[in-house]
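Data block below; observations after.
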Amino acid sequence: MKRESGEIASFATSYTSEYQQVITRMKGATMNKARDSKWEPPTNGRIKANFDGTHNKDGKTDIGVILRDDKGIILTSCVNSLRTSTDSDHVESLGALMVVDLAKRLNVNKLHLEGDLLSVINAITSTAEDFSLSGAIIEDINAITSTAEDFSLSGAIIEDIKSLLRGFRNSICTHIPRMGNSVAHALSRLAISMGKPFTWSCDTHQALIQIVEDVMCSKTRI
């Protein structure tokens, strides 16, 4: 009986220890996920360029982009609303092209491009031409809404982005979950009311600052 009691006690101790290890790993994974979902300032002197594109009920594509420095200070932003393909990869590719072109015109030397659609980020960082974007769309077949012609156009946009990125002294491109890209998403929604291309800096347009503050309050931190 004593031996059985000892075995039970040993099992209970082992089980409790293993349970605590599992809980610790789960907490760590949750914290890492939360950290990865939050917007972080760029490092190594880079400027971070976030972009987002959405398709509205009026059949237009709304794009919002924003450039911020390593202190999180807004350098400039731009919104645009135009008629184009409803394919999400195509829409996001246009957003990426818009923000990279904006950074180029502002003479940014070191760029950190960041977006929330993984297939587009993978296409930009891939060494293959065009294939990676089409491959990502095929893998996620439920998202396919465009024609073969749209595939070609999206691929051409990706190649334009790659070409522009090669002109920077230093550039990286990373994916961030939608939660961390909230400001760019809010700006894309603003494009609906603007109705035309609009670019501003935080020094000249209080509305942009208000958007950022509203998003930060609603998401705690972006």
Minimal non-hydrogen separation, [X] against [Y], with atom names:
X	Y	result
Ser93	Val120	OG-CG2, 3.9 Å
Asp69	Pro42	O-CD, 3.3 Å
Thr54	His185	CG2-CE1, 3.6 Å

Item to check | Val183 vs Arg68, side chain to side chain contact (heavy atoms under 4.5 Å, CB included): CA-CA, chis, key distance, verdict | outcome: CA-CA 11 Å; Val183 172; Arg68 287 174 280 191; 3.9 Å; yes
Next on the checklist: List the residues meeting side chain to side chain donor-acceptor pair (under 3.5 Å) with Asn109, not counting sequence neighbours, and say none if there are none.
Outcome noted: none
Next on the checklist: Once salt bridge (Lys or Arg N to Asp or Glu O under 4.0 Å) is applied, what residue pairs with a partner in residues 94-114 remain, sequence neighbours excluded?
Outcome noted: Lys48-Glu114, Asp101-Arg105
Checklist entry - Can you tell me if Asp62 and Ser81 form a side-chain donor-acceptor pair at under 3.5 Å? => result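 There is such a pair (donor and acceptor under 3.5 Å, judged by atom type) between the side chains of Asp62 and Ser81.
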Do [X] and [Y] touch side chain to side chain, with heavy atoms closer than 4.5 Å?
X	Y	value
Phe51	Leu113	yes
Val99	Ile63	no
Ile158	Ile124	yes
Asp89	Leu117	yes

Next on the checklist: Going by side-chain contact (heavy atoms from CB on, under 4.5 Å), name the residues that satisfy it together with Ile172, two or more places apart in sequence or in a different chain.
Outcome noted: Arg46, His112
Item to check | Residues that Leu106 engages under side-chain contact (heavy atoms from CB on, under 4.5 Å), provided they are two or more places apart | outcome: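 With sequence neighbours excluded, Leu106 shows a side-chain contact (heavy atoms from CB on, under 4.5 Å) to Leu67, Thr76, Leu102, Val108, given in chain and number order.
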Checklist entry - Between Val65 and Leu82, is there a shared hydrophobic cluster once you connect ILVMFWY residues whose side-chain heavy atoms come closer than 4.5 Å? => result yes
Item to check | Partner residues of Arg178 under the salt bridge (charged side-chain N to carboxylate O under 4.0 Å, His left out) criterion, sequence neighbours left out | outcome: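 Testing Arg178 for salt bridge (charged side-chain N to carboxylate O under 4.0 Å, His left out), a comparison that skips the adjacent residues, returns Asp52, Asp116.
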Next on the checklist: Quick one, Phe168 with Val100, criterion side chain to side chain contact (heavy atoms under 4.5 Å, CB included). Give me CA distance, side-chain angles, the key distance, then yes/no.
Outcome noted: CA-CA 10 Å; Phe168 291 89; Val100 172; 3.8 Å; yes
Checklist entry - To the nearest 0.5 Å, what is the distance between CD1 (Ile66) and OG (Ser188)? => result 12.0 Å
Item to check | Any donor-acceptor pair under 3.5 Å from Ser163 side chain to Asp160 backbone | outcome: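 Judged by distance alone, no pair lies under 3.5 Å.
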